[in-house]
**Student:** 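I am attaching a structure below and will ask some questions about it afterwards.
Chain A is the first sequence line, chain B the second, and so forth, proteins listed ahead of strands; every chain is numbered from 1. This one's a predicted model, so the numbers in the text were calculated from it and none came from an experiment.
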There are 2 protein chains.
Amino acid sequence: MLTRYFENEGYQVSAVADGQGMRDALQRDAIDIVLLDLILGGGEDGLMLVREVRTSSDMPIIMLSGRDDVVDRIVGLEMGADDYIAKPFHLREVLARLHSVLRRHHAQPPQAIDGEGEDVIRFNGWLLNPRERRLVAPEGTEVALTTGEFDILLVMAKHPGRVFSRDRLMNLTRGRHYEAPDRVIDAQISRLRKKIEAGKHPASLIKSVRGVGYVFTGQASERAS
Amino acid sequence: MLTRYFENEGYQVSAVADGQGMRDALQRDAIDIVLLDLILGGGEDGLMLVREVRTSSDMPIIMLSGRDDVVDRIVGLEMGADDYIAKPFHLREVLARLHSVLRRHHAQPPQAIDGEGEDVIRFNGWLLNPRERRLVAPEGTEVALTTGEFDILLVMAKHPGRVFSRDRLMNLTRGRHYEAPDRVIDAQISRLRKKIEAGKHPASLIKSVRGVGYVFTGQASERAS
DNA sequence: TGAAAATTGTCACAGATTGTAACATCAATC
DNA sequence: GATTGATGTTACAATCTGTGACAATTTTCA
């Protein structure tokens, strides 16, 4: 029902049956938000899944529950869900809340400090400016990155400490269903490393996690006012 | 009743009758959380047990009490319990609170704004930084660990004094349903020891518990701010 | 448009990491 | 102290990753 409704509304929906399905979808598709029913098959608990997702990302999550249980609601929100909707609900209401969550989420840091709207990312002295698509080294010189290199660095630097699979990087930096061998990412990472971990800055900012993918391990220093 | 319920929920439960049973279980099993009834047999006081556990660890504890007594509740929480549930309770509620406590407990300081809020782990002069995935020796030199070695050390160092079975380490450092002989862990531990217990630091930080698994015996010094 | 330049994809090989297994040690038990 | 079983260690094989060379593709610009 939800699937049909949201597809009619123009969304692209990945409907899955259980926790494993969710993990797969998160890996495979470029997911913007998760709607999660508390009562799942497969013996997995929806609350646990919320926590699991939260440990590695700030993916927006809306919990749907079979009943309006105060404890469930509170625990769910404490667990990190962004909203909680009890059945029965109106489809229109779900849509409204979804918009609300997405808005809050994307509206993340409008960051109007000093009358400026910078949302640059800083790490270990580096400065990454998504708007201008520029990378500036600690000593102030600009490092030229190609489009692909920049996209990968941007995605990863936004989430330090989070491990990205090659597939996921593929999805996030290119369109949804891009087909190419994963090793393309390896090559890009290699070129990227050569540029940002060059002689002067021997720190390893991108580490590889064997069998999984890559992590950005820079020291993000947000909100430089 | 609780045992059966939680086992149905997929938890592994060690049910014991008294304080001594609890101590044994804490030693023997890899305990994640303690549910403690205030009214115990064996003449031991539940409150005392809370304090006893608290003096040596930050093990999460939920107290169950036969009555909803404000004094009991306050004293219990002051003693260091993480939550307090009065009878009669719904099993679902206990589960929810348990989730909540576990989450709070595992919760990494969510992304520490202002670049502050390191959650590095220190032990015996060593410094383990999960975000940067770096291990720094007491004398300041960095020790290069592989992904697998780092994961094992991280899991164990987070819970000094806790015994991890090989299976559990397997689960915690790789996916859930990973299939490989347990001896893989032995090999990894061996390599890890060679790196962190090398000539300069003869202290044995990882001890083996025959028939069970391994314990991290470093002296954790938390949260140097 | 067409050539030059830049970027990306592909591949091969080197190197690193991990799984496996054999054997050496060690601990517990009788 | 001999036996039995568990753990430590190591070598080697299997797998995964890093990187350079070059081809294919896209972009730039005359």
**Student:** Taking atom types as they are modelled, is there a donor-acceptor pair under 3.5 Å from the base of C:dT17 to the side chain of A:R210?
**Tutor:**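 A donor-acceptor contact between them is present.
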**Student:** Write down the distance between CD (B:E149) and C1' (C:dT18), rounded to a whole number of angstrom.
**Tutor:**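 Answer to the nearest Å: 10 Å.
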**Student:** From C:dA28, C:dT10, D:dT10, pick the nucleotide closest to the side chain of A:R191?
**Tutor:**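 For A:R191, the side-chain atoms sit closest to C:dT10.
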**Student:** Please report, rounded to the nearest Å, how far the C1' atom of C:dC26 is from the CG atom of B:D186.
**Tutor:**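 Nearest whole value for this atom pair: 13 Å.
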**Student:** Closest heavy-atom contact between A:A15 and A:T3?
**Tutor:**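 Result for this residue pair: CB-OG1, 3.6 Å.
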**Student:** For B:L192 and D:dT9, give me the distance from atom CG to atom C1', rounded to whole Å.
**Tutor:**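 Interatomic distance, CG of B:L192 to C1' of D:dT9: 14 Å.
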**Student:** Give the nucleotide from the list C:dT8, D:dT17, C:dT20 with an atom nearest to the side chain of B:A187.
**Tutor:**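 Nearest nucleotide to the side chain: C:dT20.
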**Student:** Please determine, for the side chain of B:Y214, which listed nucleotide (D:dT7, C:dT7, C:dT17) has the closest atom?
**Tutor:**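 Nearest nucleotide to the side chain: D:dT7.
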**Student:** Between atom CZ in A:R193 and atom P in C:dA16, what is the gap in whole Å?
**Tutor:**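 Between P of C:dA16 and CZ of A:R193: 13 Å.
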**Student:** Closest-nucleotide mapping onto DNA chain D: is B:G211 or A:I189 further toward the 5' terminus? I mean the 5' end.
**Tutor:**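 Residue closer to the 5' terminus by nearest nucleotide: B:G211.
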**Student:** Which residue in the set A:K195, A:R191, A:K194, A:R193 passes side-chain hydrogen bond (donor to acceptor under 3.5 Å, both in side chains) when paired with A:E149?
**Tutor:**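 In the set A:K195, A:R191, A:K194, A:R193, the residue that makes a side-chain hydrogen bond (donor to acceptor under 3.5 Å, both in side chains) with A:E149 is A:K195.
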**Student:** Report yes if a side-chain nitrogen or oxygen of A:R183 is closer than 4.0 Å to either non-bridging phosphate oxygen (OP1 or OP2) of D:dC16; otherwise report no.
**Tutor:**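 No, because none of the side-chain N or O atoms of A:R183 sits under 4.0 Å from OP1 or OP2 of D:dC16.
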**Student:** Nearest to the side chain of A:K194, heavy atoms from C-beta on, is which of D:dG20, C:dA12, D:dT10?
**Tutor:**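 Of all the options, the side chain of A:K194 is nearest to D:dG20.
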**Student:** Is any side-chain N or O of A:S190 closer than 4.0 Å to OP1 or OP2 of D:dT19?
**Tutor:**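 True: A:S190 side-chain N/O within range (under 4.0 Å) of D:dT19 OP1/OP2.
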**Student:** How long is the line joining CZ of B:R133 and P of C:dT17, in whole Å?
**Tutor:**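 For the pair B:R133 CZ and C:dT17 P, the rounded distance is 12 Å.
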**Student:** Per the side chain to side chain contact (heavy atoms under 4.5 Å, CB included) rule, which among B:T217, B:I189, B:D151 passes with B:M156?
**Tutor:**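 Output: one option passes, namely B:I189.
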**Student:** Show the nearest heavy-atom pair for residues A:L145 and A:L153, with the distance to one decimal.
**Tutor:**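 Closest approach of A:L145 to A:L153, heavy atoms only: CD1-CD2, 3.8 Å.
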**Student:** When the C1' atoms of the five terminal pairs at each end define the local axes, what inter-axis angle does the helix from C:dT1-D:dA30 to C:dC30-D:dG1 show, to 10 degrees?
**Tutor:**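 The end-segment axes of the helix from C:dT1-D:dA30 to C:dC30-D:dG1 are tilted 30° relative to each other.
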**Student:** CG of B:D182 versus P of D:dG5: gap in Å, rounded?
**Tutor:**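 Rounded to whole Å, this separation is 18 Å.
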**Student:** Give me the atom names and distance for the closest heavy-atom approach of A:V143 to A:A137.
**Tutor:**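 Heavy-atom minimum between the residues: CG2-CB, 4.1 Å.
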**Student:** Is the shortest side-chain N/O distance from B:S208 to OP1 or OP2 of D:dT7 below 4.0 Å?
**Tutor:**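 The answer is no; no side-chain N or O of B:S208 sits under 4.0 Å from OP1 or OP2.
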**Student:** Measure across A:A157 and A:F216 and return the closest heavy-atom pair with its distance rounded to 0.1 Å.
**Tutor:**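 The answer is CA-CD2, 3.8 Å.
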**Student:** At under 4.0 Å, does any side-chain N or O of A:T146 touch on OP1 or OP2 of C:dT8?
**Tutor:**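 So the side-chain polar atoms of A:T146 do come within 4.0 Å of the phosphate oxygens OP1 or OP2 of C:dT8, strictly under.
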**Student:** Whole Å only: how far is the CD atom of A:Q188 from the P atom of C:dT7?
**Tutor:**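 It is 11 Å, rounded to the nearest whole Å.
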**Student:** Output the distance between atom OG (A:S208) and atom CZ (A:R166), rounded to the nearest 0.5 Å.
**Tutor:**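 Interatomic distance, A:S208 OG to A:R166 CZ, rounded to 0.5 Å: 8.0 Å.
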**Student:** What is the distance, to the nearest angstrom, from the CG atom on B:D167 to the P atom on D:dA6?
**Tutor:**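 Between P of D:dA6 and CG of B:D167: 14 Å.
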**Student:** Heavy atoms only: give me the nearest B:V16-B:G21 pair and the separation to one decimal.
**Tutor:**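 It is CG1-O, 3.5 Å.
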